[in-house]
Amino acid sequence: MTPQDYVQQKAAASGSSFYYAFLFLPPPRRAAITAFYAFCRD
């Protein structure tokens with residue numbers, strides 16, 4: 001599992017609508033905010 005896979009899984013598992021809002025961001029920004037969100041959820 002890559003670090004990106006890990007944070008995607010953590011963010012999606014939270015069940016929050018924030019994760020779905022992140023999908024509209026440009027890919028580099030989406031990766032950064034998803035990692036930060038996963039860190040905060042852990």
Side-chain angles (χ1 to χ4, degrees):
M1 176 181 289
T2 67
Q4 189 62 29
D5 292 338
Y6 175 78
V7 297
Q8 287 288 340
Q9 183 181 23
K10 279 293 216 185
S14 73
S16 171
S17 60
F18 285 116
Y19 172 74
Y20 297 103
F22 298 161
L23 297 177
F24 292 100
L25 294 172
R29 188 165 286 181
R30 181 183 329 137
I33 196 71
T34 303
F36 180 71
Y37 183 71
F39 174 77
C40 291
R41 298 290 302 175
D42 199 17

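Just so you know, these numbers use all the heavy atoms, side chains as well, and skip hydrogens, waters and symmetry mates.
Note on ring orientation: taking the six-membered ring where Trp is involved, the planes of Tyr37 and Phe18 are tilted (angle from 30° to 60°).
Sorted by first and then second residue, the side chain to side chain donor-acceptor pair (under 3.5 Å) pairs involving residues 22-36 (not counting sequence neighbours) form an empty list. Residue pairs satisfying the salt bridge (charged side-chain N to carboxylate O under 4.0 Å, His left out) criterion with at least one member in residues 7-19, sequence neighbours excluded, are listed as follows: Lys10-Asp42.
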